[in-house]
Amino acid sequence: GGQPSVGVRVPSHPVARELLKEFGKPIAAPSANRFGRVSPTTAAHVREDLGADVDLVLEGGPSEVGIESTIVDLSGGAPVLLRPGKISKDDLQKIISLGKSDAAPRHSGGMEKHYAPRTPARLVPTHELDKEISKLKARAAVLAFSRPDERVDFWLRMPRDPAAYAQKLYAALRELDGAHCDAILIEAPPPESGWEAVLDRLRKATA
C-alpha cells in the first residue's frame with residue numbers, strides 16, 4: 001500500500017492453509033468486500049458484493065469468528081494494537097507489553113467510518129432505545145438484545161454473549177440493510193471487557 005511495512009496474516013482455516021500449501025508461496029490479497037462496506041461472512045456474501053468482478057469464490061463455510069482479525073503493529077519500538085478482534089487487548093497483554101503510537105500505519109478498519117450498511121444506522125444506549133423507537137416517523141429496523149417491539153417494522157434479536165454476537169453481527173447488518181427501511185437503530189452492547197471488538201465495529205458502522 002505504498003508504506004514501508006506490510007501486514008502478515010497467518011490463517012487458521014483449513015481451506016486457506018491448504019490453498020497456501022498448494023500455491024507454495026505467500027499470497028498478496030485484499031479483503032473480499034467493497035471498501036468501507038459490511039464485511040462478508042459467507043461465500044454468498046462475497047458473490048453478492050463482488051459479482052462478476054471475480055472469477056471464483058472458494059467455499060470454506062461461514063466465518064467462525066464473524067468479525068475481522070486483531071491487528072498488531074510491530075514496526076515500531078513497542079507493539080501497538082491497531083484493531084481489536086477475537087484476540088483481545090487483555091489476551092495480548094498476557095504475553096506482550098503494548099505501547100501507544102500517534103503514527104500508526106494505514107490499516108484495514110482504521111478509518112472512522114467502516115463496515116457500514118447502506119441504510120443510515122445509529123448506535124443507541126439501552127436506556128434510550130424505547131424513547132428513540134417512540135420518536136420514529138419512518139420505517140425502521142432494530143438490532144437489539146430484547147424481544148421485538150410491535151412499533152418496529154423489522155427487528156433482529158442478538159445474543160448477549162460477545163463471541164456469539166460477533167459471529168452474527170455482519171450477517172445481521174446485511175439482513176437489516178436488505179429490509180429497505182429508512183433507518184437502523186442498534187442497541188449498544190455494554191462497555192464491558194469482551195465487547196471491545198464488537199463496539200469498535202458498531203461505532204465505525206454508525207459513524
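Remark: side-chain polar atoms of T70 are paired, donor with acceptor, to backbone N or O of I87 under 3.5 angstrom. In this structure, the side chain of W155 does not engage the main chain of A144 through any donor-acceptor pair within 3.5 Å. A donor-acceptor contact shorter than 3.5 Å is absent between the side chain of D49 and the backbone of N33. Without hydrogens or angle criteria, D177 side chain to T119 main chain gives a donor-acceptor distance under 3.5 Å. For H180 (side chain) and G178 (main-chain N/O), a donor-acceptor pair under 3.5 Å exists by modelled atom type. The backbone N or O of A140 lies less than 3.5 Å from a partner atom in the side chain of D153, making a donor-acceptor pair. E18 contributes no side-chain N or O that, together with a main-chain N or O of L20, makes up a donor-acceptor pair within less than 3.5 Å. With hydrogens and angles ignored, the 3.5 Å screen pairs no side-chain donor or acceptor of R201 with any backbone N or O of Y115.
Here the closest non-hydrogen pair linking A197 and I67 is CB-CD1, 3.4 Å. For S75 against S5, the heavy-atom pair with the smallest separation is CB-CB, 4.4 Å. Nearest approach of L199 to P189, heavy atoms of both residues: CD2-CD, 3.7 Å. Counting all heavy atoms, side chain and backbone alike, E187 lies closest to Y165 at O-OH, 4.3 Å. Across all non-hydrogen atoms, the minimal contact from P62 to T42 is CB-CG2, 4.2 Å. Of all non-hydrogen atoms in V198 and A166, the two that sit nearest each other are CG2-CB, 3.8 Å.
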I'd like to know whether L74 forms a side chain to side chain contact (heavy atoms under 4.5 Å, CB included) with V80, so could you lay out the CA-CA distance, the side-chain angles of the two residues, the decisive distance to 0.1 Å, and finally the verdict. CA-CA 7 Å; L74 301 173; V80 176; over 6 Å; no
So L176 and F154, side chain to side chain contact (heavy atoms under 4.5 Å, CB included) or not? Walk me through it. CA-CA 7 Å; L176 293 177; F154 198 92; 3.4 Å; yes
Please assess I27 against L19 for the test side chain to side chain contact (heavy atoms under 4.5 Å, CB included), listing each intermediate value before the final yes or no. CA-CA 9 Å; I27 295 176; L19 174 65; 4.0 Å; yes
Quick one, E68 with S39, criterion side chain to side chain donor-acceptor pair (under 3.5 Å). Give me CA distance, side-chain angles, the key distance, then yes/no. CA-CA 8 Å; E68 299 81 6; S39 296; 2.4 Å; yes
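I184 and V142 fall into different hydrophobic clusters, defined by Ile, Leu, Val, Met, Phe, Trp and Tyr side-chain heavy atoms under 4.5 Å apart, directly or through other members. One hydrophobic cluster holds both W195 and L202 under the rule that ILVMFWY side chains link at heavy-atom gaps under 4.5 Å. Residues I71 and V8 do not share a hydrophobic cluster, defined by chaining ILVMFWY side chains whose heavy atoms lie under 4.5 Å apart. Connection of L136 to L129 is established within a shared hydrophobic cluster, with ILVMFWY side chains joined at heavy-atom distances below 4.5 Å, either directly or through further cluster members. I95 and L81 fall within the same hydrophobic cluster, defined by Ile, Leu, Val, Met, Phe, Trp and Tyr side-chain heavy atoms under 4.5 Å apart, directly or through other members.
In this model, no donor atom of one side chain and acceptor atom of the other lie less than 3.5 Å apart for Y170 and E175. E196 and S88 share no side-chain donor-acceptor pair at under 3.5 Å. With hydrogens and angles left out, the side-chain atoms of D90 and S193 include a donor and acceptor closer than 3.5 Å.
Open room surrounds CD on E64; 12 or fewer heavy atoms of other groups in view lie less than 6.0 Å from it. Residue-environment remark: CZ (R157) exceeds the threshold of 12 foreign heavy atoms within 6.0 Å.
Taking OG of S146 as the start and CZ of R160 as the end, the distance is 7.0 Å to the nearest 0.5 Å. Once rounded to the nearest 0.5 Å, the distance linking NE2 of H45 with OG of S63 reads 10.5 Å. Remark: L56 CG to R47 CZ distance equals 10.0 Å, nearest 0.5 Å. Between the CG atom of D130 and the CG atom of D149 there is a distance of 7.0 Å, given to the nearest 0.5 Å. Atoms CD and NZ, on Q167 and K86 in that order, are 10.5 Å from each other to the nearest 0.5 Å. For the atom pair L92 CG and S97 OG, the distance stands at 11.0 Å (nearest 0.5 Å).
For R122, the salt bridge (Lys or Arg N to Asp or Glu O under 4.0 Å) test picks out E132, with sequence neighbours left out.
In this structure, D73 does not pair ionically with R83, as no charged nitrogen and carboxylate oxygen lie closer than 4.0 Å. By the 4.0 Å N-to-carboxylate-O rule, R34 lies close enough to D53 to be salt-bridged with it.
In this structure, the side chains of L143 and M158 come closer than 4.5 Å at one or more pairs of heavy atoms. Contact of the L82 side chain with the V72 side chain is not registered, since no non-hydrogen atoms from C-beta on lie closer than 4.5 Å. Counting heavy atoms from C-beta outward, R174 and P117 have side chains that stay 4.5 Å or more apart.
Of the options I186, I133, L185, a side-chain contact (heavy atoms from CB on, under 4.5 Å) to V124 is made by L185 and by none of the others.
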